[in-house]
Protein chains: 2
Amino acid sequence: MKELYDAIRTIPDFPKKGVLFRDITPLIRDRQLFSKTIELFAKHVPEKTTKIVAIESRGFIFGGALACKTNTGFVPIRKFGKLPCKTIQHTYSLEYGQDTIEIPADSFEQDEEVVLIDDVLATGGTASAACSVIESAGAKVRKILFLVELKDLKGREKISRYDIYSIITL
Amino acid sequence: MKELYDAIRTIPDFPKKGVLFRDITPLIRDRQLFSKTIELFAKHVPEKTTKIVAIESRGFIFGGALACKTNTGFVPIRKFGKLPCKTIQHTYSLEYGQDTIEIPADSFEQDEEVVLIDDVLATGGTASAACSVIESAGAKVRKILFLVELKDLKGREKISRYDIYSIITL
């Protein structure tokens, strides 16, 4: 894991003062590290999983790769207003204000078993909202995968009823 | 190709009146169709390709999968202000106003051979701008891949000096 850890660049005060931004671009541009990351994720995809659900937009990079690797379908969760079809929405609170995410309403068969993936687990607000829309759309969240978990922000507590795997904890 | 074509949903007047939006979500959620799509793309990735470059955000789904499939690195092109690192930017005209895209400045070794991918080729403005930032960052665009090409919009003319492959032409 150290080689993956070393490839994540920490940038202070982005997107605003006081925030340490974790930049994953050096990791994903390296063919060996990207491939290793997807292999690690694939080992944690339960056998009956039929779809990978990913959160816009960095989650799409890992989710697309993981769906390809595990021969599953791909379902996007997007910010409000981007999906043209009938959707299921969930609005959640942010530090300042609120945000709404959407999933295509016809994404799943009833009780399909799916895996949710995103690049970073921070406060857990988006991941928790993502689980809500997945469940409202009829599927079961069998696992949640993150490349990086920011431990101090305690996001894991917000999604504690799910099975979570993070490759790197910071 | 017909089964891929049939899985693309056309939605009128989205995001604005007069636009026919091509919704790819039914295609990518189907494990067989998604897998077939990535296999078709992979056949068109030249042998010396070391990185797949994809355009935010639907391009990330296909780009991540293709990088995984072809054992290459992944480089994101993002809308202005999303990348925390030193970037190379390009501003281009839209029907109304303009847009700016960015790529991490340190994405490539000199003269690396890369493939650009996006979901839809419309007017070609974004793809053309993407080629500019890739070349300014030191790489060579060996191929451009699209799932859907909207022929009437003549995007191909704007990037005619490149080798282009579209799975579906509408």
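Here is how names work: the chains are called A, B, and so on, in the same order as the sequence lines, proteins then strands, and each is numbered from 1. Being a predicted model, the structure only gives us computed values, none of them experimental.
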State plainly whether one hydrophobic cluster holds both [X] and [Y], where clusters connect Ile, Leu, Val, Met, Phe, Trp and Tyr through side-chain heavy atoms under 4.5 angstrom apart.
X	Y	value
A:Tyr165	A:Tyr162	no
A:Leu33	B:Val114	no
A:Ile8	A:Phe41	yes
B:Ile101	B:Val53	yes
A:Leu66	A:Val75	no

Exercise. Give me the one residue out of B:Leu27, B:Ile61, B:Ile24, B:Asp30 that meets side-chain contact (heavy atoms from CB on, under 4.5 Å) with A:Phe74.
Key: B:Ile61
Report yes if the side chains of [X] and [Y] come closer than 4.5 Å at any heavy-atom pair, otherwise no.
X	Y	result
A:Lys82	B:Pro15	no
A:Thr25	B:Leu83	yes
A:Arg29	B:Asp106	yes
B:Pro76	A:Arg58	no
A:Arg22	B:Pro84	no

Quiz item: Any idea which of B:Ala65, B:Ala67, B:Cys68, B:Gly81 has the most non-hydrogen atom pairs under 4.5 angstrom with chain A?
Solution: B:Ala65
Quiz prompt | Part of A:Thr37 within contact of chain B (heavy atom distance under 4.5 Å) | solution = neither
Quiz item: Heavy-atom distance under 4.5 Å to chain B: side chain of A:Ile11, backbone, both or neither?
Solution: side chain
Check: residues 122-134 of chain B side-chain donor-acceptor pairs under 3.5 Å, at least two apart:
unit_1   : atom_1 : unit_2   : atom_2 : d
B:Thr123 : OG1    : B:Gly125 : N      : 3.4
B:Thr126 : OG1    : B:Tyr92  : OH     : 2.9
B:Ser132 : OG     : B:Ser128 : O      : 3.3

Quiz item: Who among A:Phe108, A:Phe14, A:Phe34 has the most heavy-atom pairs with chain B under 4.5 Å?
Solution: A:Phe14
Exercise. Sort out for me which of A:Lys51, A:Glu39, A:Lys69 touches chain B most, counting heavy-atom pairs under 4.5 Å.
Key: A:Lys51
Quiz prompt | B:Ile55 side, atom CD1; A:Ser57 side, atom OG - distance, nearest 0.5 Å | solution = 13.0 Å
Quiz prompt | Smallest separation among heavy atoms of B:Gly73 and A:Arg31, with atom names | solution = N-CB, 3.6 Å
Self-check item: For B:Lys151, side chain to side chain donor-acceptor pair (under 3.5 Å) partners two or more places apart
Solution: none
